[in-house]
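No experiment lies behind these values; they were computed from the predicted model shown.
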Amino acid sequence: MHIALDAGRFGDWWALASWTVNPDVYLVTGEGHQVGWVERGLAGLGDRWVVVYENYFIGDISTREAMLHDTPEQAARTIQLAYLHNL
């Protein structure tokens with residue numbers, strides 16, 4: 001499945017892509033390549049989404065807790081911002 005993200009917020013060429021083996025993980029593609037992924041339902045987090053970018057969870061540096069998102073689109077926006085700011 002391929003879900004184009006809102007062009008008004010993300011610009012062109014950003015999307016979520018999934019596969020049938022795990023519906024709780026979406027790859028985030030931007031500008032023609034995979035940029036990161038978002039994942040739901042990790043142990044202890046319930047139905048919230050976390051972000052993996054550059055092979056690291058994005059979160060609070062002082063508490064070492066992952067940033068939680070309500071939707072995969074919100075999580076994808078976090079990846080896009082990290083990517084655009086070259087973090």
Side-chain angles (χ1 to χ4, degrees):
M1 178 168 55
H2 186 82
I3 304 166
L5 294 167
D6 179 16
R9 290 186 67 206
F10 287 86
D12 294 328
W13 309 108
W14 285 84
L16 293 172
S18 70
W19 57 94
T20 58
V21 296
N22 191 345
D24 293 328
V25 176
Y26 289 99
L27 299 177
V28 178
T29 60
E31 299 180 4
H33 63 278
Q34 179 184 338
V35 178
W37 73 86
V38 298
E39 191 167 345
R40 173 178 56 187
L42 294 178
L45 299 180
D47 204 29
R48 307 293 297 274
W49 293 84
V50 295
V51 167
V52 179
Y53 173 72
E54 301 269 326
N55 294 319
Y56 293 98
F57 288 103
I58 292 182
D60 187 316
I61 223 167
S62 61
T63 65
R64 297 185 170 271
E65 294 180 0
M67 181 185 295
L68 303 178
H69 301 81
D70 293 326
T71 67
E73 292 82 7
Q74 286 176 344
R77 180 70 174 150
T78 298
I79 288 178
Q80 183 192 37
L81 292 173
Y83 176 78
L84 293 175
H85 293 284
N86 201 25
L87 298 176

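Arg48 is linked by a side chain to side chain contact (heavy atoms under 4.5 Å, CB included) to Leu68, Asp70, counting only residues two or more places apart in sequence or in another chain. The side chain to side chain donor-acceptor pair (under 3.5 Å) test applied to Asp47 returns no partner, not counting sequence neighbours.
Between Val50 and Val38 there is no side-chain heavy-atom pair separated by less than 4.5 Å. Taking the side chain as every heavy atom from C-beta outward, Thr78 and His69 approach each other to under 4.5 Å. By the 4.5 Å heavy-atom criterion applied to side chains, Val28 and Trp14 are counted as neighbours.
With values rounded to the nearest 0.5 angstrom, Tyr53 atom OH is found 9.0 Å from Ile79 atom CD1. Within the model, atoms CZ of Arg40 and OH of Tyr26 stand 6.5 Å from one another, a figure rounded to the nearest 0.5 Å. If you take CH2 on Trp49 and CD on Gln74, they are separated by 11.5 Å, rounding to the nearest 0.5 Å. Rounding to the nearest 0.5 Å places NE2 of His33 at 12.5 Å from CG of Leu27.
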#### Entry: Test side-chain contact (heavy atoms from CB on, under 4.5 Å) applied to Val51 and Trp37, step by step
CA-CA 6 Å; Val51 167; Trp37 73 86; over 6 Å; no
### Task
Kindly indicate, with the supporting measurements, whether the criterion side-chain contact (heavy atoms from CB on, under 4.5 Å) is fulfilled by Glu73 and Leu16.
CA-CA 8 Å; Glu73 292 82 7; Leu16 293 172; 4.2 Å; yes
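The cluster map of Ile, Leu, Val, Met, Phe, Trp and Tyr, joined by side-chain heavy atoms under 4.5 Å apart, puts Tyr56 and Val35 in different clusters.
Judged by distance alone, the side chains of Glu31 and Tyr83 do bring a donor and an acceptor atom under 3.5 Å apart.
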